[in-house]
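Proteins get letters first, then strands, A, B, ... in listed order; numbering begins at 1 in each.
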Amino acid sequence: MMLALELYRSLPRYVASKVVTKRLSGVSAGALTPLRLVNKDEPRVPRVPGWARVRPRLSGICGSDLGALYGGTSRYFSALVSMPFVPGHEVVGDLVDDCGDLPAGTRVVIDPVLTCAARGVESCESCAAGRTNRCDRVTVGHVSPGLQTGYCADTGGGWGGQLVAHSSQLHPVPDTLDDRQAVLVEPLACAVHTALRAQVPEGASVLVVGSGAVGLLTTLALRQLTPAGSLTVVAKHPAQRELARRFGASDVLAPSDVIGGVRRTTRAMRLDPEHDSPYLLGGVDITVDAAGSAHSLATALRTVRAGGKVVLSAMPPAGTDLSPVWFRELEVVGTYASAREEQLDGTTRSAFDIAMELAGSAPLTGLVGDAYPLHRWREALDHASSAGRLGTVKVAFDLRSKS
Amino acid sequence: MLEVDERTPPLVVHEGDSFRLEEFPLGTRVVYSPEMTPGIPDVEGAIRDALLKPVDDDPLPSQLFPGMRLTIAFDDISLPLPQMRAPDIRQRVLEQVLEMAAAAGVDDVELISANALHRRLTEAELKHIVGERVFRSFFRDGKLYNFDAEDKENVKHLGQTEKGEDVEISKRAAESDLLVYVNVNIVPMDGGHKSVAIGLASYNSLRHHHNSHTMVHSRSFMDKDHSAMHSSAWRMGRLVGEHVKVFQIETTLNSHSFPKPYDFLNRREWEWSIRDQGKVLAARRGLAVAPPAMRRKIFQGVRAPYALTGINAGAVEPVHDRTLDRVFRQQATEVDGQSDVLVLGVPFICPYNVNSVMNPILAACMGLGYMFNSYRGKPLVRKDGAVLLYHPVPYEFNQLHHPSYVDFFEEVLAESTDPATIEAKYEEQYATDPWYIHLYRTSHAYHGVHPFYMWYWIAHALDHVGEVVWIGGDRRAVRRMGHRSASTLPDALEMVSDTVGSSPSITYMHHPPMTMADVR
């Protein structure tokens with residue numbers, strides 16, 4: 001038996017999360033979510049080669065986790081998960097079993113995408129091409145539906161005492177990275193994928209909307225891996241502004257000044273439609289929505305130049321006005337998770353390998369604050385919901401801590 | 001001059017769209033404007049005389065002939081302050097000039113509001129200045145219009161001065177057979193070569209003197225002989241004169257700034273009658289309960305019953321000398337020496353918020369630019385002394401008139417308040433921003449660079465004084481400008497006591513009407 005947080009099916013709580021928690025703050029909001037702390041059986045290793053048990057050390061709380069808990073996620077994803085499941089896909093842990101070349105005891109991070117290899121089915125076209133994040137088989141094979149570890153009923157997740165993972169998901173962590181750096185490798189791999197997927201031309205102007213973990217790590221990856229020129233970040237809180245600059249932003253704008261700030265630097269024209277937010281004719285070459293809110297996406301769509309590119313690196317909200325996409329002939333690019341084969345400087349590498357390298361050299365110290373034991377999950381979620389305001393970038397659970 | 005003693009009543013201090021009665025410490029020197037100069041009874045006759053007997057020039061009718069190209073430029077809405085009760089003196093001058101032109105058979109006439117980089121005037125504002133008859137005759141045909149400094153096709157580069165300054169003015173004006181300029185001189189900064197060389201100039205020309213270095217070295221810019229800005233304008237004006245014949249008409253007004261029922265503001269407090277005191281009480285009560293929008297409407301609606309005190313026409317420089325003589329006769333007050341503290345009540349209006357909001361930058365420009373610089377000789381406050389200003393400094397901007405001010409306040413002042421620093425880093429970006437240029441040309445917005453000029457305007461004051469404290473000012477807005485705010489005069493004096501001591505000498509300059517201090 002293990003202690004785990006479990007997300008279960010509950011229509012009343014789903015509705016409560018979606019409606020009521022927006023009006024509540026603090027620990028009481030967490031109490032209404034369809035999440036519970038349970039003692040449950042440890043996940044079983046599928047009876048096929050390549051699977052092993054992993055005992056998490058730290059497991060991060062991602063924005064998409066909060067979206068699922070608070071009812072912010074589109075129903076589109078309901079067919080891609082199996083209930084009940086243990087959330088948590090940003091994991092650093094120890095291998096309990098030998099797994100391929102990796103002996104038991106190896107410290108690993110997990111690429112959470114459950115691809116064809118993990119499911120034991122013939123590779124789909126995307127997986128065969130190394131674009132594992134686009135796998136078409138995430139609902140079939142040896143384990144229940146689930147696009148990732150942390151959304152699958154069979155594999156367990158990082159918010160529990162143990163999970164199972166396939167060898168295709170495992171990446172050993174070098175000793176040079178401590179646990180707090182290592183737990184950031186997964187979100188950093190996503191940021192690497194975003195930066196490379198954006199295909200930034202030499203000297204292009206880029207705007208990153210949002211400076212939570214996604215926005216800051218994306219800023220880091222854009223600066224480190226692409227030839228972006230001006231790199232402007234929208235940051236709300238003082239700590240975020242400081243970190244954005246530390247990660248390579250050439251300019252930082254307050255949310256209230258984005259339209260004005262981008263207009264000034266790009267010498268665009270500003271329009272103020274009736275009963276709607278202002279937008280620009282002209283603007284930056286590329287915008288990245290790294291917050292996934294209606295406001296951040298609208299900002300990204302309204303500050304990019306005609307023919308420019310809007311990159312969705314956070315889970316997008318429903319009901320967005322796509323008029324700018326049509327009128328400005330925008331290119332909208334989604335970036336989900338990370339791929340096994342990324343193109344960088346003419347070579348093909350895994351996003352996790354690149355992220356592991358970046359984590360070793362980037363100023364990540366201090367990004368993961370104090371980690372919470374599982375039984376303090378309400379406080380942890382409350383902290384994660386207000387992380388920016390509180391000066392925290394990443395909140396995590398410490399699965400080894402009892403108090 | 002008055003020295004506050006036990007018998008001195010509380011004194012009027014303007015503070016934006018209101019005023020207060022303040023009890024000043026004993027011994028405070030109060031600088032008042034001289035007695036109101038009487039107006040000329042026969043205004044039409046005086047105008048005719050000036051046009052027929054110009055200074056160092058031929059009579060205007062003799063310079064007019066059929067087939068000629070005549071351009072008449074006039075000061076925009078930034079003058080006079082408050083706006084003049086109809087008929088505006090410019091209207092009366094324009095009508096006579098146009099009658100003479102018609103009599104001479106001149107057909108090709110255009111009238112230009114000399115806005116420089118100020119906002120375009122609305123039709124109603126133009127009509128108020130030129131009068132119904134002139135407006136009706138010229139506006140619809142496009143012969144009466146605002147100068148557009150960004151209309152590259154219609155500005156002309158005339159050359160460079162001996163100091164390398166570009167002179168670029170209205171092409172129509174530059175290519176005319178005669179350029180008549182109609183000026184209203186309310187402060188000695190205006191008129192002279194400044195009228196054409198600045199009023200009809202482009203940014204390319206203005207940047208040579210509207211900069212922080214020039215402003216710091218203008219002591220003061222109300223004293224043309226000690227003003228680097230005027231020296232530059234004079235060089236440019238003389239170069240303009242090599243290309244186009246300028247017939248300058250300058251008018252001076254008395255200090256009758258307030259009509260009934262606010263006429264008590266024209267008088268000194270100890271001269272108030274019982275009736276005046278009743279009006280003061282009623283005005284104070286009324287303003288206290290009126291919402292801000294109504295207070296603004298009340299004050300912006302003031303039309304001053306100025307009277308004409310003089311008119312001179314002819315060659316620019318001798319005309320301007322006579323103008324200045326009259327202006328100083330109305331406004332100059334001798335003051336014996338400097339003081340530790342200068343107190344200024346910033347009123348509801350400055351040249352750039354007519355029919356609009358006085359935003360924080362304009363409040364600073366009015367107090368630390370215009371009012372601080374209202375001196376000849378040396379400033380009223382000693383080097384490293386303190387200036388205390390009364391104004392609410394609302395954190396409020398008019399998006400129609402001042403769009404670049406908002407960005408300037410939020411972006412530029414957030415980074416630095418040093419005029420030279422912001423000039424180097426931001427001026428060109430704002431001056432050439434296509435959006436601001438678009439709004440300047442097609443809407444009623446001040447040019448993108450205008451807030452920079454307002455900030456340069458205060459460069460001399462910032463360079464000279466050690467402390468700036470706003471009494472009653474919005475703390476957030478005041479802090480953004482790098483100043484401090486206090487609730488009361490005693491609090492402000494306490495705040496500056498480290499700089500000027502606990503018993504500083506204090507001078508209160510009583511504005512409006514405009515006053516010039518001749519500091520000995």
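- Side-chain contact of R263(A) with Y436(B): a donor-acceptor pair under 3.5 Å is present, judged by distance alone.
- Rounded to the nearest 0.5 Å, atoms CD (E410(B)) and CG (L253(A)) are 12.0 Å apart.
- Counting only heavy atoms from C-beta outward, the side chains of R264(A) and W435(B) never approach each other to under 4.5 Å.
- Interatomic distance, T265(A) OG1 to E411(B) CD, rounded to the nearest 0.5 Å: 8.0 Å.
- More than 12 heavy atoms of other residues, nucleotides or ligands lie within 6.0 Å of NE2 in H383(A), so this atom counts as buried by the packing criterion.
- Looking at every heavy atom in both residues, R267(A) comes nearest to P434(B) through O-CG, 3.4 Å.
- For S404(B), no part lies near chain A; criterion is any non-hydrogen pair under 4.5 Å.
- Neither the backbone nor the side chain of A254(A) comes within contact range of chain B; no heavy atom of the residue lies under 4.5 Å from a heavy atom of that chain.
- The environment of NE2 in H157(B) is crowded: more than 12 heavy-atom neighbours from other residues, nucleotides or ligands sit within 6.0 Å.
- Taken to the nearest 0.5 Å, the CG atom of L439(B) stands 10.0 Å off from the CZ atom of R270(A).
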